[in-house]
Amino acid sequence: MNRERAAGIVKRNPGLLPSLLAISVVLWFAADKGGFRGTTWMPATLLLGAGLVVCLAALPRPRPARAALAAILLLAGYGVFCLLSMLWADQPELAWDAGNRTLLYTLILALCALWPLRGRSAAVVLGVFGLAVAALALIELLKTSGADQAGQFFDEARFAGPVGYTNANVGLWMLGLLPCVVLAGRRGVPVLLRGLFLGAAGLLAGAALLGQSRGWLMALPLVALLAIVVVPGRGRTIAALAAVGAAIALILGPLLDVYSELRASQPPGAVFDSALRALLLAGAGLAVLGALAAVVDERVQVPAARARRISAATVAVAAVAAVGVVAGYAVVERNPFTAASDAWHEFKQGGYSPTDPSGRLTAGFSTYRYDYWRVAWSEFEDAPLLGAGADNFGRAYLRRGESPQRPQFPHSTEMVALAETGVVGALLLGGAFLCALLGALPGRRRDDLAGAAAGAGLLMFGYWLLHGTLDRFWEFPALSGPALAGLGVGAAVARGLKEDAEEPASPVARGRMLVVACAGGLLLAMSVVPPWLSQRDHRAAIAAAETNPEAARGRLDRAAELNPLSPAPDRTAGLIELRRGHPNAAVHELRQASRRDPGDSDLHFLLSLAESEAGRPRQAIRSAGEALTLAPRDHVAEAVLRELRRAGRLDPLRLDPWTRADYRHRIALD
């Protein structure tokens with residue numbers, strides 16, 4: 001591509017390059033544990049901040065719609081408020097990370113929303129994301145099939161790669177599926193690409209089903225309804241969704257057998273290979289079907305009035321089919337309202353659902369989510385205005401929760417805002433979402449690809465918000481990033497409705513804008529760099545601990561200096577010394593960590609182990625008691641305290657298994 005042509009593309013679509021930059025970073029997150037680790041998303045924040053400054057300097061002056069600009073400012077305000085919550089949070093280092101992560105989301109939204117996009121370019125941005133996610137799914141499925149120990153790709157018999165957390169993994173596949181299924185039915189997309197989009201949608205639907213997420217299953221009908229409402233060309237959307245649904249229905253048995261066999265403690269092996277073959281065949285069949293349908297669609301020209309009638313008839317058929325399904329369920333099973341009431345009662349009761357041989361999706365609605373939300377609401381009631389502090393939920397659940405689990409997050413985007421940042425934070429975040437929606441909704445009125453792209457972006461955000469109401473999606477940049485990018489693309493498309501009659505920005509105005517942007521970038525770097533480098537040294541120390549403990553100690557000392565708010569480096573140093581057989585040194589490190597964070601039950605637990613090994617039984621009993629007071633359901637701490645009271649000292653042969661059993665969550669590695 002020559003320079004003149006490239007310059008022409010940028011002039012007509014100034015939003016293309018910044019949007020592709022944001023999508024590229026989001027795809028990086030998708031391939032690296034969902035971007036959950038700070039050592040992944042923190043450097044990406046710096047990259048996107050620098051990219052935004054460069055775009056402001058090199059591209060035409062941004063003139064977003066007022067609603068889109070308000071959304072960006074409100075989301076940035078929420079990020080700053082999360083940072084301010086360090087002042088009252090019990091764990092300020094977590095609030096620091098949460099604020100920086102929110103500023104990352106602000107950058108993604110800004111890069112996608114500030115400059116206008118034409119329809120074809122918007123479709124390119126979302127299509128690249130959808131196909132790249134499908135390619136990632138294919139790679140993960142093939143890796144699983146070829147692995148000697150394929151079970152490592154599953155968590156409780158549910159497909160979990162590459163994110164690691166199964167429900168987030170399902171969310172990633174769905175966020176990639178939605179733009180694929182929308183673009184598969186659009187004129188203006190090349191024939192072969194339409195087939196590829198439909199095949200990719202089928203592959204992603206099968207990968208999502210392997211995750212056995214009940215939240216995903218509950219969100220599906222609402223997402224289908226939302227697709228009909230927000231995406232123009234309803235008949236095309238329904239046809240594409242129906243094709244994918246029919247293909248998955250044909251191979252449902254092999255896909256569900258994977259969960260059943262793994263729950264029966266069988267290795268994935270043959271049953272997974274059979275499911276993968278069926279899924280690849282279904283995807284290939286959908287690709288061929290999509291290409292053939294595209295050929296017919298391009299050759300047959302239907303008058304606009306008749307096309308609207310066909311679309312309306314398709315919607316009517318879909319509505320009748322939905323009513324028929326509900327009526328059939330009422331006749332064969334029971335009253336849907338009674339079923340919904342029973343499901344809600346089961347959900348509130350909590351606990352694990354009994355294993356169903358046919359799959360987890362039909363095993364019931366028992367879960368601990370309701371208890372998470374109960375504790376989150378209690379935190380909101382205790383501090384309704386400002387909240388408990390961003391990302392400061394886990395310790396509250398240790399005190400107030402009734403389940404044996406140790407969640408770090410409320411598993412609901414709305415509860416995150418209310419419990420952790422109170423009314424102020426909830427208004428900032430809710431206002432950002434509302435303004436972004438108002439900025440993106442007009443894009444649906446665009447014709448052809450522009451309207452389809454805007455609708456796909458709205459659909460991505462809608463799915464993320466629906467499923468994220470029931471799960472911890474906000475904390476995964478690979479999920480929140482594309483959802484906000486979709487809204488941004490919708491706003492950029494909507495902005496294209498208006499022709500800018502304004503004069504180009506004067507050099508003085510551009511200079512002021514760049515000064516403000518550079519100052520903001522500098523403040524962002526000052527906020528992100530210290531915790532990033534600290535976490536990087538922390539992880540490097542853990543990797544080196546077994547082979548070079550002295551080097552690990554040096555790394556941990558530097559990590560503690562870079563982030564004086566975090567007890568994690570000193571806590572890890574104490575555990576390393578404990579594992580090396582140096583209990584006195586371990587006691588010193590753990591007490592130093594405890595001075596930084598006296599409310600950490602895990603620190604007191606580890607301190608009791610070190611004090612016992614150092615021959616200090618009274619101190620060990622006191623530390624174990626403090627650990628149990630802070631976390632009343634910590635059964636390991638309870639067993640340690642019982643043993644200390646009985647024998648006065650722990651058996652060294654039992655000490656190492658205890659430290660190994662809870663190694664990852666005790667040192668807050670992930």
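Looking at residues two or more places apart in sequence or on another chain, you find a side-chain contact (heavy atoms from CB on, under 4.5 Å) between Ala275 and Pro254, Leu255, Val258. For Leu524, the side-chain contact (heavy atoms from CB on, under 4.5 Å) partners at least two apart in sequence or on another chain are Thr45, Leu103, Leu107, Val528. With sequence neighbours excluded, the residues that form a side-chain contact (heavy atoms from CB on, under 4.5 Å) with Thr166 are Asp155, Arg158, Ala160. Residues meeting the side chain to side chain donor-acceptor pair (under 3.5 Å) test with Ser480, sequence neighbours left out: Trp464. With sequence neighbours excluded, the residues satisfying side-chain contact (heavy atoms from CB on, under 4.5 Å) with Trp532 are Met42, Pro43, Leu46. For Arg536, the side chain to side chain donor-acceptor pair (under 3.5 Å) test picks out no residue, with sequence neighbours left out. Scanning for ring pair (Phe, Tyr, Trp, His ring centres under 6.0 Å) contacts around Trp373 gives Phe347, with sequence neighbours left out. Judged as a ring pair (Phe, Tyr, Trp, His ring centres under 6.0 Å), and not counting sequence neighbours, Trp173 has no contacts.
Nearest heavy-atom pair, Leu470 versus Gly215, reported as atom, atom and distance to 0.1 Å: CD1-CA, 4.1 Å. Taking both residues in full, the closest heavy atoms of Leu562 and Ser534 are given as CD1-N, 3.7 Å, listed atom of the first, atom of the second, then distance. Smallest separation of non-hydrogen atoms from Leu204 and Ala134: CD2-CA, 3.7 Å. Of all the heavy atoms in Ala525 and Pro530, the pair that sits closest is O-CD, 4.0 Å. Across Asn392 and Glu379, no two heavy atoms sit closer than the pair O-OE1, 4.3 Å. When all heavy atoms of Val170 and Ser213 are compared, the closest pair comes out as CG2-CB, 4.0 Å.
Within the structure, ring pair (Phe, Tyr, Trp, His ring centres under 6.0 Å) pairs that include any residue of residues 144-163 comprise Phe154-Phe159, Phe154-Phe272 (at least two apart or interchain). Within the structure, the side chain to side chain donor-acceptor pair (under 3.5 Å) test picks out the following pairs touching residues 614-625 (sequence neighbours left out): Asn584-Arg616, Glu611-Ser623. Sequence neighbours left out, the pairs with a member in residues 80-92 that pass salt bridge (charged side-chain N to carboxylate O under 4.0 Å, His left out) are Asp90-Arg395.
Rounding to the nearest 0.5 Å places OG1 of Thr106 at 11.0 Å from CG of Leu48.
Distance alone, capped at 3.5 Å, places no donor-acceptor pair between the Asp32 side chain and the Gly35 backbone. Listed for the Arg539 side chain is no donor-acceptor partner under 3.5 Å among the backbone atoms of Thr39. With Asn169 contributing its side chain and Val163 its backbone, the two residues share a donor-acceptor pair below 3.5 Å. Remark: the backbone N or O of Ala568 is paired with a side-chain donor or acceptor of Thr572 at under 3.5 angstrom. Judged by distance alone, with hydrogens and angles left aside, the side-chain atoms of Tyr105 form no donor-acceptor pair with the main-chain N or O of Ala76 at under 3.5 Å.
Between Tyr463 and His467, the angle of the ring planes goes over 60°, which puts this pair in the perpendicular group of the 30/60° scheme. Classification of the Phe36-Phe409 ring pair by plane angle, with boundaries at 30° and 60°, yields perpendicular.
Among His588, Arg595, Gln592, the single residue meeting the side chain to side chain contact (heavy atoms under 4.5 Å, CB included) criterion with Asp570 is Gln592.
We find that Glu561 and Arg558 are not joined by a salt bridge, their nearest charged nitrogen and carboxylate oxygen being 4.0 Å or further apart. Residues Arg553 and Glu577 are paired through a salt bridge, judged by an N-O separation under 4.0 Å between the basic side chain and the carboxylate. Taking a cutoff of 4.0 Å between a charged side-chain nitrogen and a carboxylate oxygen, Arg580 and Glu546 do not qualify as a salt bridge. A salt bridge between Asp391 and Arg101 is present, with a side-chain N of the basic residue lying under 4.0 Å from a carboxylate O of the acidic one. In this structure, Glu140 pairs ionically with Lys143, as a charged nitrogen and a carboxylate oxygen lie closer than 4.0 Å.
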Show me the donor-acceptor pairs, under 3.5 Å and distance only, between side chains in residues 78-86 and residues at least two apart or in other chains.
| unit_1 | atom_1 | unit_2 | atom_2 | d |
| --- | --- | --- | --- | --- |
| Ser85 | OG | Cys82 | O | 2.5 |
| Ser85 | OG | Ala390 | N | 3.1 |

Let me see the working for Asp597 and Arg571 under salt bridge (charged side-chain N to carboxylate O under 4.0 Å, His left out), right down to the final yes or no. CA-CA 10 Å; Asp597 189 1; Arg571 179 173 51 197; 5.9 Å; no
Let me see the working for Arg406 and Asp602 under salt bridge (charged side-chain N to carboxylate O under 4.0 Å, His left out), right down to the final yes or no. CA-CA 12 Å; Arg406 299 170 62 102; Asp602 290 332; 3.0 Å; yes
